[in-house]
A.B. asks: 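Just dropping this structure here.
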Amino acid sequence: MADRDALLLPALREQLALRQAALDGGATRVGWKLGLGDRERIGPGPVVGHLTSRTVLTAGSGCSVAAYAVPRADAEVAVRFTRPVDPDGGPDEVRAAAGAFTTALELCDLGGVDDPAAIVTANLFHRAVAFGAWTPGFPRPAARVAVTVDGLVLAQGCVHRDLDRLLLRAAWLLDAVDERIDAGDIVITGSVVQVAVRDGHRVGAHIDGCGAVSLDLG
């Protein structure tokens with residue numbers, strides 16, 4: 001635990017300093033993202049990144065990935081909270097604090113170093129995100145997830161069964177750096193399935209019971 005904190009917490013504080021610079025520059029707070037991959041893993045996970053208005057796209061809009069070194073699209077569950085998450089609560093507290101959920105389509109650039117601390121500082125590969133229509137409540141575990149490219153299903157998976165526990169761990173981590181999952185925050189909860197993309201593609205994400213969202217790349 002001490003070794004993890006000695007590496008993870010300074011990296012997260014550096015990331016949050018970059019977030020603060022974006023907020024000072026006119027961006028608005030949106031929420032957080034969970035990192036569940038091996039490249040960013042420090043300790044048992046998850047690690048945490050941030051979301052601001054600078055990287056939120058309107059569903060169905062266009063976005064170029066031409067400048068990305070290794071462009072990828074992730075299908076994820078997004079949860080919007082109506083009250084702060086108590087890091088000392090349990091999974092039931094997470095569910096009670098959640099107000100709505102939807103499908104998120106995140107664009108990432110997996111290029112760069114394999115140093116986990118540097119990846120956390122650089123906000124976990126995040127480049128952009130779009131959200132589908134919101135549904136009241138908390139997402140159903142094990143719902144089917146699919147990513148499509150030009151209408152063809154290229155990857156499928158299932159929603160993480162322990163989503164509430166992952167969110168609670170994220171709340172613990174944020175509390176350690178004097179932050180929290182607050183009322184109004186949106187949290188994208190980590191990649192369920194991921195595909196390679198390029199400009200010229202129409203990429204979409206669909207989760208049973210959560211709806212769908214798409215972007216035109218180029």
A.B. asks: With sequence neighbours left out, which residue pairs that include part of residues 97-112 fulfil the side chain to side chain donor-acceptor pair (under 3.5 Å) condition?
C.D. replies: Lys33-Glu106, Glu106-His126

A.B. asks: Tell me every residue that passes salt bridge (Lys or Arg N to Asp or Glu O under 4.0 Å) with Arg180, counting only those two or more places apart in sequence or in another chain.
C.D. replies: Asp182

A.B. asks: Who are the salt bridge (Lys or Arg N to Asp or Glu O under 4.0 Å) partners of Arg140, not counting sequence neighbours?
C.D. replies: none

A.B. asks: With clusters defined by side-chain heavy atoms of hydrophobic residues (ILVMFWY) lying less than 4.5 Å apart, directly or transitively, does Leu34 cluster with Leu105?
C.D. replies: yes

A.B. asks: Can you pull out every ring-ring contact (aromatic ring centres under 6.0 Å, His included) where at least one residue sits in residues 128-181? Sequence neighbours excluded, please.
C.D. replies: Phe131-Trp134

A.B. asks: Other than Leu18, which residues form its hydrophobic cluster under the rule that side-chain heavy atoms must be closer than 4.5 Å?
C.D. replies: none

A.B. asks: Give, for atom CG of Leu167 and atom CZ of Arg95, the distance between the pair rounded to the nearest 0.5 Å.
C.D. replies: 10.0 Å

A.B. asks: What distance do Asp199 atom CG and Tyr68 atom OH have between them, rounded to the nearest 0.5 Å?
C.D. replies: 9.5 Å

A.B. asks: Do Val192 and Leu166 land in one hydrophobic cluster if side-chain heavy atoms of ILVMFWY residues count as linked below 4.5 Å?
C.D. replies: yes

A.B. asks: Residues in side chain to side chain donor-acceptor pair (under 3.5 Å) with Asp38, at least two apart?
C.D. replies: none

A.B. asks: Do Pro46 and Arg169 make a side-chain contact, defined as non-hydrogen atoms from C-beta onward lying under 4.5 Å apart?
C.D. replies: yes

A.B. asks: Does Thr121 reach the main-chain N or O of Ala117 with its side chain, forming a donor-acceptor pair under 3.5 Å?
C.D. replies: yes

A.B. asks: If Ile, Leu, Val, Met, Phe, Trp and Tyr residues are connected whenever their side-chain heavy atoms lie under 4.5 Å apart, and connections chain through other members, are Phe125 and Leu12 in the same group?
C.D. replies: yes

A.B. asks: Output side-chain donor-acceptor pairs under 3.5 Å for residues 204-217, partner residues at least two apart or in another chain, one line each.
C.D. replies:
unit_1 : atom_1 : unit_2 : atom_2 : d
Ser214 : OG     : Arg202 : NH2    : 2.9
Asp216 : OD1    : Arg202 : NH1    : 2.6
Asp216 : OD2    : Arg202 : NH1    : 2.8

A.B. asks: Could you state the interatomic distance from CG (Leu107) to OG1 (Thr55), rounded to the nearest 0.5 Å?
C.D. replies: 10.0 Å

A.B. asks: So does Arg39 have more than 12 non-hydrogen atoms from other groups sitting under 6.0 Å from CZ?
C.D. replies: yes

A.B. asks: Enumerate donor-acceptor pairs with a distance under 3.5 Å from any side-chain N or O in residues 69-81 to protein atoms, sequence neighbours excluded.
C.D. replies:
unit_1 : atom_1 : unit_2 : atom_2 : d
Asp74  : OD1    : Gln194 : NE2    : 2.7
Asp74  : OD2    : Gln194 : NE2    : 3.4
Glu76  : OE1    : Gly190 : N      : 2.9

A.B. asks: Which heavy-atom pair separates Arg54 from Ala27 by the least distance, and what is that distance?
C.D. replies: CG-CB, 3.6 Å

A.B. asks: Should Leu173 and Leu9 count as side-chain neighbours, where that means a heavy-atom distance under 4.5 Å?
C.D. replies: yes

A.B. asks: Quick one: pull up CD1 in Ile119 and CD1 in Ile42 and give me the separation to the nearest 0.5 Å.
C.D. replies: 8.5 Å

A.B. asks: Which residues satisfy the side chain to side chain donor-acceptor pair (under 3.5 Å) test with Thr82, sequence neighbours excluded?
C.D. replies: none

A.B. asks: Same hydrophobic cluster for Val47 and Leu163, using side-chain heavy-atom links shorter than 4.5 Å among ILVMFWY?
C.D. replies: yes

A.B. asks: Quick check: do Asp185 and Val30 have side-chain heavy atoms less than 4.5 Å from each other?
C.D. replies: no

A.B. asks: Could you state the interatomic distance from CD1 (Ile186) to CZ (Arg29), rounded to the nearest 0.5 Å?
C.D. replies: 11.5 Å

A.B. asks: Verify the neighbour count for atom CZ of Arg198: are there more than 12 heavy atoms of other residues, nucleotides or ligands below 6.0 Å?
C.D. replies: no

A.B. asks: By the side chain to side chain donor-acceptor pair (under 3.5 Å) test, which pairs, at least two apart or in different chains, include something from residues 8-21?
C.D. replies: Gln15-His50, Arg19-Glu179, Gln20-Asp24

A.B. asks: List, one per line, each side-chain donor-acceptor pair under 3.5 Å for residues 83-90, sequence neighbours excluded.
C.D. replies:
unit_1 : atom_1 : unit_2 : atom_2 : d
Arg83  : NH2    : Glu93  : OE1    : 3.3
Asp86  : OD1    : Asp88  : N      : 2.9

A.B. asks: Check whether Val193 and Leu124 end up in the same hydrophobic cluster, where Ile, Leu, Val, Met, Phe, Trp and Tyr are linked by side-chain heavy atoms less than 4.5 Å apart.
C.D. replies: yes

A.B. asks: Using the side chain to side chain contact (heavy atoms under 4.5 Å, CB included) rule, take His201 and Asp150 through it: C-alpha gap first, then chi angles, then the decisive distance, then the call.
C.D. replies: CA-CA 6 Å; His201 284 161; Asp150 298 332; 3.4 Å; yes

A.B. asks: Is any side-chain heavy atom of Val177 less than 4.5 Å from a side-chain heavy atom of Leu16?
C.D. replies: yes

A.B. asks: Using a side-chain heavy atom cutoff under 4.5 Å and only I, L, V, M, F, W and Y, what cluster partners does Leu23 have?
C.D. replies: none

A.B. asks: Might you point out which heavy atoms bring Gly151 and Thr148 nearest each other, and give the distance in Å?
C.D. replies: C-CB, 4.2 Å

